[in-house]
**Q** 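My structure is below; once you've seen it, I'll send some questions.
This is a predicted model, so every value here is computed, not measured. Counting starts at 1 for both ligands and their atoms, following the listed order. Index from 1, following the sequence.
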Amino acid sequence: MRVTGSIKRNRPYILGVAGGSGSGKTYFASAVQRALGESVCAIVYQDSFYIDQSAKFDFDGGAVNFDHPDSLDFALLVKCLSKIKNAEEAELPIYDFHSHSRSAKTLRLPVKPVILVDGTLIFHPPEVRALFDDLIFFDTPEALRFQRRLERDVKERGRTAEGVRKQFESQVKPMHDKFVEPSKRFANTTVVDVGQFDDVLARYTKALRDLI
Ligand SMILES: Nc1ncnc2c1ncn2[C@@H]1O[C@H](COP(=O)(O)OP(=O)(O)O)[C@@H](O)[C@H]1O
Ligand SMILES: [Mg+2]
């Protein structure tokens, strides 16, 4: 963990939370936010930065590779994070998973001392990586990630089990192995098993509270 004095210099502290799909990023980020309070801690999701795919999307057929870095607007993420780092309000894009398009509206993010950025590929582009004060990676085994993803997509996103399995094999796994896994080396903290979770959460919550 690398806790600098950036908040004391009146700059938001930006923590990158990466790891494969189903690795526990959102679970961790939500827990940190709950512990610190929403008035001091916000979460920015990589998922908001998808490039508009409405022309190509075919529901379960896999025409769009959502796990490839090219499907994300990292230039816009850099723009938003640079504003946040300068203690300015940022206009976050809104991506609609039903129409697979970017909304005409944006979400104004007020200045807060702690910003968590949650995403599978956020450690991949060097220009995004450079904006984090600290980087944590959830290195969860593939079998557990797949199981969690299956449950989530069937329950919450109305997908079929077969569609989820196919997408995992054809896109999630290969893109994970090619882009997500290699970006692990940039992390300051790597969480390898669920048993470490409470300890890591307590350490981060304390360190971030001490900074605010
Ligand atoms: N440390 C943990 N202990 C128990 N359940 C967890 C843990 N981390 C994640 N989960 C569960 O696994 C599922 C996937 O986690 P999530 O945080 O949504 O993954 P990601 O955001 O990395 O895709 C969620 O349903 C969550 O409740
Ligand atoms: Mg998530």
**Q** For Phe28 and ligand 1, does the shortest N/O to N/O distance drop below 3.5 Å?
**A** no

**Q** What is the nearest protein non-hydrogen atom to atom 23 (O) of ligand 1, stated with its residue, atom name and distance?
**A** Gly22 N, 2.7 Å

**Q** Indicate, as side chain, backbone, both or neither, the part of Phe197 found under 4.0 angstrom from ligand 1 when only non-hydrogen atoms are considered.
**A** side chain

**Q** State, with a plain yes or no, whether a side-chain heavy atom of Gln46 is found less than 4.5 Å away from one of Asp118.
**A** no

**Q** Measure across Asp177 and Pro182 and return the closest heavy-atom pair with its distance rounded to 0.1 Å.
**A** O-CD, 3.4 Å

**Q** Do you know the tightest heavy-atom contact between Gly20 and Thr120?
**A** C-CG2, 4.0 Å

**Q** In terms of atom number and element, which parts of ligand 1 are under 4.0 angstrom from non-hydrogen atoms of Gly20?
**A** 22 (O)

**Q** Less than 4.0 Å is my threshold; does some heavy atom of Gly19 fall inside it relative to ligand 1?
**A** no

**Q** Out of Gln147, Gln196, Arg148, Gln46, whose heavy atom sits nearest atom 12 (O) of ligand 1?
**A** Arg148

**Q** Report yes if Ser21 has an N/O atom closer than 3.5 Å to an N/O atom of ligand 1; otherwise report no.
**A** no

**Q** Is Asp118 in polar range of ligand 1, meaning some N or O pair under 3.5 Å apart?
**A** no

**Q** Quick one: do the Tyr95 and His100 side chains pair a donor with an acceptor below 3.5 Å?
**A** yes

**Q** Which one of Val17, Thr140, Ile136 satisfies the side-chain contact (heavy atoms from CB on, under 4.5 Å) criterion with Val191?
**A** Ile136

**Q** Among all protein heavy atoms, pick the one closest to atom 26 (C) of ligand 1 and tell me residue, atom and distance.
**A** Tyr27 CD1, 3.6 Å

**Q** Nearest to atom 21 (O) of ligand 1, what protein heavy atom do you find, and at what distance?
**A** Thr26 OG1, 2.7 Å

**Q** Does only the side chain of Lys25 get under 4.0 Å from ligand 1, or the backbone, or both, or neither? Count heavy atoms.
**A** both

**Q** Under 2.8 Å from the Mg ion (ligand 2), can any N, O or S atom of Ser21 be found?
**A** no

**Q** For ligand 1, does Val194 get within less than 4.0 Å through its side chain, its backbone, both, or neither, judged by non-hydrogen atoms?
**A** side chain

**Q** Minimum heavy-atom separation for Phe74 to Pro69, with atom names?
**A** CE1-O, 3.7 Å

**Q** Compute both the distance and the angle, then confirm whether Arg129 meets the cation-pi test with Phe186: under 6.0 Å from the six-membered ring centre, within 45 degrees of the axis.
**A** yes

**Q** What do you reckon, does Ser30 put a non-hydrogen atom under 4.0 Å from ligand 1?
**A** no

**Q** When only distance counts, is Gly24 in polar contact with ligand 1, meaning an N/O pair under 3.5 Å?
**A** yes

**Q** Answer yes or no: does atom CD of Glu89 have more than 12 heavy-atom neighbours from other residues, nucleotides or ligands under 6.0 Å?
**A** yes

**Q** For the residue pair Phe132 and Ile122, establish whether any side-chain heavy-atom pair is separated by less than 4.5 Å.
**A** yes

**Q** Ring of Tyr50, cation from Arg102 - is the NZ or CZ under 6.0 Å from the centre and inside 45° of the axis?
**A** no

